[in-house]
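Shown next, in structure tokens, is the structure this report addresses.
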Amino acid sequence: MIIQSKNFNIKHIADSGQCFRMNQMNQDTYNLVAFGKYIELTQQGPDTIEITCSEEDYETIWKEYFDLSYQYDTIVTSLINGEDIFLREAAAYGSGLRILKQDLFEILISFIISQRKNIPAIKSCIEQLSKKYGDKINHNNQTFYTFPTPERLSNAKQSELREIGLGYRDVYILKTSQAVANGDIDLLKLKSCSNEEAMNQLKNLPGVGIKVANCVALYGLHQIDAFPIDVWIARILNDIYNNQFELEQYNGYAGIVQQYMFYYIRNKK
DNA sequence: GGCCAGGTTCTAC
DNA sequence: GTAGAACATGGC
């Protein structure tokens, strides 16, 4: 399917550190496994993307996944034309970034893994988890793997998880998966909770603190006001803004601002 | 080979 | 309530 949308850049999204299973195949094409499906995306032009999916899957999965009903263009343009010099540069540099609506359990586990790991290492762990506990997807004689369900992960052995390279996070992942699988926390219910209530419930899970909970809120619950602060964002807030950054200016879309900051500081030369 | 990575938890005041 | 250390491992 050919999708026309302003502010939709696959390369920027793939390298934005919000999703870990989007990989480059060649110059303009990336692949992705999410929600049990395999797709390829090709950037055909600044506002044109081809997705290898049926019209039905586009309407029921990918349109929402890539948040294509939301007008990022307006916000990004206002940042580019705004008074904040750093954000002007960041918005221009990362133009095309969007906040994805990803699977809650996958986001939860992925960001528990992310603590004190760099992005290549996170991706490696997630691929191995999927290969070991996910389902196979065959595509053109290649095999891909879905992200494991809570039930499958909750039945993993700690020693098996340790072999994947998860380190001390193995217990966090096991216990969190068990909490989801046995109903101690209802992830779907979080979607109808306030940010405060969702954060409180998430932070009760082992391995989930303020930053991971914010990432779940932003990338899983699509609370685009959430503003996760990791080492890179903290560095910006300190070095660029002398810890005087006024978050309130961006009420209603602070998470988008955060994403452009992160992408810019990580990728600019 | 040492430093750092999209932090959280535990301990000690 | 909050500062400081401990935590496993791999990428660069």
Side-chain angles (χ1 to χ4, degrees), chain A residues 12-24 90 93-94 97-100 102-132 147 156-179 185 198-241 243 245 247 254-269:
Chain A
H12 292 178
I13 292 171
D15 295 338
S16 70
Q18 61 175 313
C19 58
F20 301 104
R21 304 203 67 194
M22 201 177 287
N23 294 302
Q24 186 165 28
Y93 186 84
L97 278 170
R98 312 178 74 85
I99 305 292
L100 305 182
Q102 302 181 68
D103 177 75
L104 263 176
F105 182 65
E106 179 173 340
I107 282 292
L108 178 57
I109 299 299
S110 296
F111 278 95
I112 289 176
I113 293 172
S114 78
Q115 60 186 265
R116 294 193 68 73
K117 274 187 179 298
N118 56 30
I119 290 177
I122 299 165
K123 293 179 78 159
S124 167
C125 283
I126 292 173
E127 283 314 307
Q128 291 182 69
L129 264 190
S130 301
K131 194 166 186 179
K132 203 158 186 174
F147 192 84
K157 289 204 165 56
Q158 186 184 342
S159 58
E160 297 173 352
L161 294 174
R162 188 55 70 99
E163 289 169 11
I164 286 174
L166 292 168
Y168 63 88
R169 306 163 192 77
D170 55 1
V171 179
Y172 298 158
I173 288 162
L174 200 50
K175 290 194 169 175
T176 292
S177 297
Q178 289 165 354
I185 182 168
M199 294 286 286
N200 284 337
Q201 288 201 39
L202 287 166
K203 282 193 292 184
N204 276 332
L205 297 167
V208 180
I210 182 78
K211 189 270 175 181
V212 170
N214 265 301
C215 286
V216 175
L218 182 57
Y219 306 125
L221 295 169
H222 204 69
Q223 296 181 351
I224 57 171
D225 226 358
F227 193 86
I229 299 175
D230 72 317
V231 290
W232 297 91
I233 297 291
R235 222 168 271 163
I236 292 172
L237 297 183
N238 184 58
D239 298 350
I240 309 286
Y241 294 98
N243 292 320
F245 183 69
L247 193 55
I256 298 175
V257 171
Q258 183 270 161
Q259 198 61 40
Y260 278 84
M261 284 178 160
F262 182 81
Y263 182 78
Y264 184 49
I265 202 73
R266 289 286 325 282
N267 293 288
K268 72 167 178 151
K269 289 183 292 295

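Heavy atoms only: backbone and side chains are in, while hydrogens, waters and symmetry mates are out. Bear in mind the structure is a predicted one, so any value in this text is a computation, not a measurement. We name chains A, B, ... by the order of the sequence lines, and we start the count at 1 in each one.
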task: Would you mind classifying the nucleic acid contact of A:Gly17 as base, sugar-phosphate or nothing, using non-hydrogen atoms under 4.0 angstrom?
output: base

message: Distance check, P atoms only: B:dG6 and C:dA5, in whole angstrom units.
response: 23 Å

message: Within the 4.0 Å heavy-atom criterion, would you say A:Arg169 contacts the bases, only the backbone, or no part of the nucleic acid?
response: base

query: Passes side chain to side chain contact (heavy atoms under 4.5 Å, CB included), A:Trp232 versus A:Tyr264? Steps please.
result: CA-CA 10 Å; A:Trp232 297 91; A:Tyr264 184 49; over 6 Å; no

task: Could you check whether A:Leu161 gets within reach of a base, just the sugar-phosphate, or nothing at all, counting any heavy atom under 4.0 Å?
output: nothing

task: May I have the distance from A:Arg116 (atom CZ) to B:dC3 (atom P), rounded to whole angstrom?
output: 13 Å

message: Taking any heavy-atom pair under 4.0 Å as a contact, classify A:Ser16: base, sugar-phosphate, or nothing.
response: base

message: Determine whether a donor-acceptor pair (one donor, one acceptor, N or O, separation below 3.5 Å) exists between the side chain of A:Tyr168 and the base of B:dG7.
response: yes

query: Salt-bridged, A:Lys211 to A:Asp230, with N to O below 4.0 Å?
result: no

- request: Please work out if A:Phe262 contacts a base, only the sugar-phosphate, or nothing of the nucleic acid, heavy-atom cut-off 4.0 Å.
  value: base

task: Check the distance between B:dT8's P and A:Asp230's CG and give it to me in whole angstrom.
output: 10 Å

- request: Please state whether the phosphate of B:dA5, meaning OP1 or OP2, lies under 4.0 angstrom from any side-chain nitrogen or oxygen of A:Arg235.
  value: yes

Min side-chain heavy-atom separation A:Arg21-A:Ser110 under 4.5 Å: no

message: Quick check on DNA chain C: between A:Pro120 and A:Gln115, whose nearest nucleotide comes earlier from the 5' end?
response: A:Gln115

- request: Using a heavy-atom cut-off of under 4.0 Å over every strand shown, decide if A:Ile210 touches base, sugar-phosphate, or nothing.
  value: sugar-phosphate

d(CG, A:Asp170; P, B:dT8) in whole Å: 17 Å

message: Can you say whether a donor on the side chain of A:Tyr219 sits under 3.5 Å from an acceptor on the base of B:dG6, or the other way round?
response: yes

message: I need the CG-P distance between A:Leu108 and B:dT8, as an integer number of Å.
response: 12 Å

task: Could you check how far CG of A:Asn118 sits from P of B:dG6, rounded to whole Å?
output: 5 Å

message: Give me the distance, rounded to whole Å, that separates C:dG10 from B:dT9 when you measure between the P atoms they each carry.
response: 22 Å

- request: Whole angstrom is fine here: how far is it from CG in A:Leu166 over to C1' in C:dC7?
  value: 14 Å

query: Which part of the nucleic acid, if any, lies within contact of A:Gln259, taking any heavy atom under 4.0 Å across all strands shown: a base, the sugar-phosphate backbone alone, or nothing?
result: base

task: Round to a whole Å and report the spacing from CD1 of A:Ile113 to P of B:dA5.
output: 19 Å

field: Euclidean distance for P, C:dA8 against B:dG1 (whole angstrom)
entry: 23 Å

- prompt: Is the closest side-chain heavy-atom distance between A:Ile113 and A:Ile173 below 4.5 Å?
  reply: yes

task: Round to a whole Å and report the spacing from CD1 of A:Ile99 to C1' of B:dG6.
output: 13 Å

query: If we ignore angles and hydrogens, is there a donor and acceptor under 3.5 Å between the side chains of A:Ser159 and A:Glu163?
result: no

- request: Find which nucleotide of DNA chain B each of A:Tyr172 and A:Ile122 is nearest to by heavy atoms, and output the residue with the more 5' nucleotide.
  value: A:Ile122

message: Pairing donors with acceptors under 3.5 angstrom, does anything connect the side chains of A:Tyr219 and A:Glu106?
response: no

statement: Of the candidates C:dT9, C:dC7, B:dG6, the side chain of A:Lys117 sits closest to C:dT9

